[in-house]
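Index from 1, following the sequence. Being a predicted model, the structure only gives us computed values, none of them experimental.
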Amino acid sequence: MDAHFLPIPRVRQVPSVAVVVDVMRAYTVAAWAFARGAEKIVLAESTADALALTGRHPGWVALKDGPPAPGFDLVNSPGLLRSADLSGRTVVQKTTAGTVGALAVKHAPLVLCAGFVVAEATARVLRAGGYEEVTFVVTGEDGRADEDLACAEYIAHRATGPDTTAATATGPATETAGAPGATTGPATDTTTAPGSTTDRATADRAAPYLRRAAASRAAVELATGIREGAHADDVALCLELDRFPFAMAATLEDGLMVLRPHTPH
C-alpha cells in the first residue's frame, strides 16, 4: 500500500481512498458521539450551515469548536461529550480542521475519518480492502500537527500488517508515498483504553506515536487552557488507543457529508 500524507490545501485530486485524521479533537469527539448513541453525524461546511440544518431539523444537535455559543448544544470536547445522551440523535459538527478535511475529499469513493481511538478499526478496513493507494489527510495546522501526522503514520503501518514498526515524524505532511519506518527505541507511557483489547505488542508499537501526539502543540494548548471549550481529560481521551471497535465512514447523502460508524469485518 502506497500511503500519501497531505495537508488539506494540497488535496487537489479526488483520491480513491481517503483517511481524514483529526486527533485533537474532531474525530475523537465523533467516535464518542457514536458511543453515546448518535445515529449519524453531518459534517457542516460552516457554523451558519450547522445552525441552518438544526433549524430545519429541530431534533438535531449542533456541535462546534471553541466555547459554548448560542444555537449550539455541544462543544468539540470528548471530556464534555462523554456524559451526553445522544441516543438516536443526529449531530451536526463543524470544526476548524477535521470537518474541513473530510469535505475536501467528499467525492472520494471511500472516506474514513480517524483518530487514535479508532486506529485499529480503521486499519482493518484498509487491510480488508487491499487498496494500492491511500491518501491520509493530515488536517491540523496545515499538515504540521504532529498528533495528526503521527496517527496517520501509525494507521498506515497497521494497515500493512500487525507487525510493522513505529515511525518518527520528519516534518509537516507532504506528498510522500510510503510511511517512514524508523523506530524510536523502547516504548514507555503507552496509553490504552480501559477494557481495550489492545495487546502489549500493539501498545508497544503505538507508544512512540502516542508520545509524539502527547508532546504536540495541540496537546500543550489543551492541557494549559489556551484552547477554549475544553475539559481537563481531553488530551488523555484523545490518546486512548483503540478505545472503540468501529471505524467511521463518511458518504454524501442528499448533498450532505454524513459520517456513520462502520464495523470492519
Exercise for the section: Just do the side chain to side chain contact (heavy atoms under 4.5 Å, CB included) check on Val61 and Leu86 with the steps written out, would you? Expected result: CA-CA 9 Å; Val61 295; Leu86 297 174; 4.2 Å; yes
Exercise for the section: Using the side chain to side chain contact (heavy atoms under 4.5 Å, CB included) rule, take Asp73 and Leu63 through it: C-alpha gap first, then chi angles, then the decisive distance, then the call. Expected result: CA-CA 6 Å; Asp73 308 277; Leu63 180 156; over 6 Å; no
Handout entry: Exam field: side chain Arg36 to backbone Ala84, donor-acceptor pair closer than 3.5 Å
Key = yes
Practice task
Please tell me if the side chains of Val258 and Leu256 come closer than 4.5 Å, counting only heavy atoms from C-beta onward.
Solution key: yes
Problem - Ile155 side chain reached by Phe116 side chain, heavy atoms, under 4.5 Å - result: no
Practice task
Determine, for Asp65 against Lys94, whether the closest basic-nitrogen to carboxylate-oxygen distance falls under 4.0 angstrom.
Solution key: no
Handout entry: Expected output: side-chain His57 to main-chain Gly59 donor-acceptor under 3.5 Å
Key = no
Exercise for the section: Check the hydrophobic clustering (I, L, V, M, F, W, Y; side-chain heavy atoms under 4.5 Å; chains of links allowed) and say if Phe5 and Val21 are grouped together. Expected result: yes
Practice task
Ignoring hydrogens and angles, tell me if any N or O in the side chain of Asp199 forms a donor-acceptor pair with the backbone of Thr202 under 3.5 Å.
Solution key: yes
Handout entry: pair Phe72-Leu51: side-chain heavy atoms closer than 4.5 Å
Key = yes
Completion exercise
Heavy-atom closest pair (Ala30 atom, Leu259 atom, distance to 0.1 Å) is CB-CD2, 3.9 Å
Practice task
Give a yes or no on whether a salt bridge exists between Glu153 and Arg212, defined as a side-chain N under 4.0 angstrom from a carboxylate O.
Solution key: yes
Handout entry: Main-chain N/O of Ala18 paired with Thr135 side-chain donor or acceptor, under 3.5 Å
Key = no
Handout entry: Donor-acceptor pair, side chain of Thr122 and main chain of Ala247, under 3.5 angstrom
Key = no
Problem - Thr99 (side chain) donor-acceptor with Thr95 (main chain) under 3.5 angstrom - result: yes
Exercise for the section: Give a yes or no on whether the backbone of Ala145 and the side-chain of Asp148 come within a donor-acceptor separation of less than 3.5 Å. Expected result: no
Exercise for the section: Examine distances only and state if a side-chain atom of Asp49 and a backbone atom of Ala44 form a donor-acceptor pair shorter than 3.5 Å. Expected result: no
Practice task
If the plane angle is over 60° it's perpendicular, under 30° parallel, otherwise tilted; pick one for Phe246 and Phe34.
Solution key: perpendicular
Practice task
Identify whether Leu237 and Met248 are in the same connected component of the hydrophobic contact network (ILVMFWY, side-chain heavy atoms under 4.5 Å).
Solution key: yes
Exercise for the section: Taking the side chain as every heavy atom from C-beta outward, state whether Leu112 and Val20 have any atom pair closer than 4.5 Å. Expected result: no
Practice task
Evaluate the criterion salt bridge (charged side-chain N to carboxylate O under 4.0 Å, His left out) for residue pair Asp233 and Arg82; output intermediate values, then yes/no.
Solution key: CA-CA 11 Å; Asp233 293 339; Arg82 62 183 167 176; 2.5 Å; yes
Problem - salt_bridge(Arg25, Glu147) N-O dist < 4.0 Å - result: no
Handout entry: Note: Arg89-Glu39 ion pair, threshold 4.0 Å (strictly below)
Key = no
Practice task
Could you tell me whether the side chain of Asn76 and the main chain of Lys64 form a donor-acceptor pair under 3.5 Å?
Solution key: no
Practice task
Please examine the side chains of Val29 and Tyr27, heavy atoms only from C-beta on, and report whether any two atoms are closer than 4.5 Å.
Solution key: no
Practice task
Give a yes or no on whether Val111 and Leu252 share a hydrophobic cluster (residues Ile, Leu, Val, Met, Phe, Trp, Tyr; joining criterion: side-chain heavy atoms under 4.5 Å apart).
Solution key: yes
Exercise for the section: Please examine the side chains of His262 and Val125, heavy atoms only from C-beta on, and report whether any two atoms are closer than 4.5 Å. Expected result: yes
Exercise for the section: Could you tell me whether a side-chain N or O of Asp234 sits under 3.5 Å from a main-chain N or O of Gly79, the two making a donor and an acceptor? Expected result: yes
Handout entry: Arg144 with Glu141: basic N within carboxylate O range, under 4.0 Å
Key = no
Practice task
Assess whether side chain to side chain contact (heavy atoms under 4.5 Å, CB included) is satisfied between Leu6 and Val137, documenting all intermediate values.
Solution key: CA-CA 5 Å; Leu6 298 180; Val137 182; 5.7 Å; no
Exercise for the section: Compare all side-chain heavy atoms of Glu45 with those of Leu103 and state whether any distance is below 4.5 angstrom. Expected result: yes
Problem - Joint cluster assignment, Val91 & Leu80, ILVMFWY side-chain distance < 4.5 Å - result: no
Problem - Closest heavy-atom pair and its distance - Val75, Gly229 - result: CG2-O, 3.9 Å
Practice task
Verify the cluster assignment for Val92 and Leu74: are they in a single hydrophobic cluster under the rule of side-chain heavy atoms below 4.5 Å apart?
Solution key: no
Exercise for the section: Before giving the answer on side chain to side chain contact (heavy atoms under 4.5 Å, CB included), spell out for Lys40 and Trp60 the whole-Å C-alpha distance, their side-chain angles and the decisive distance to 0.1 Å. Expected result: CA-CA 10 Å; Lys40 63 183 179 182; Trp60 292 11; 4.3 Å; yes
Practice task
Check whether any side-chain heavy atom of Leu241 sits under 4.5 Å from a side-chain heavy atom of Glu120, and report yes or no.
Solution key: no
Exercise for the section: May I ask you to decide if the ring planes of Trp32 and Phe244 are parallel, tilted or perpendicular, using 30° and 60° as cut-offs? Expected result: perpendicular
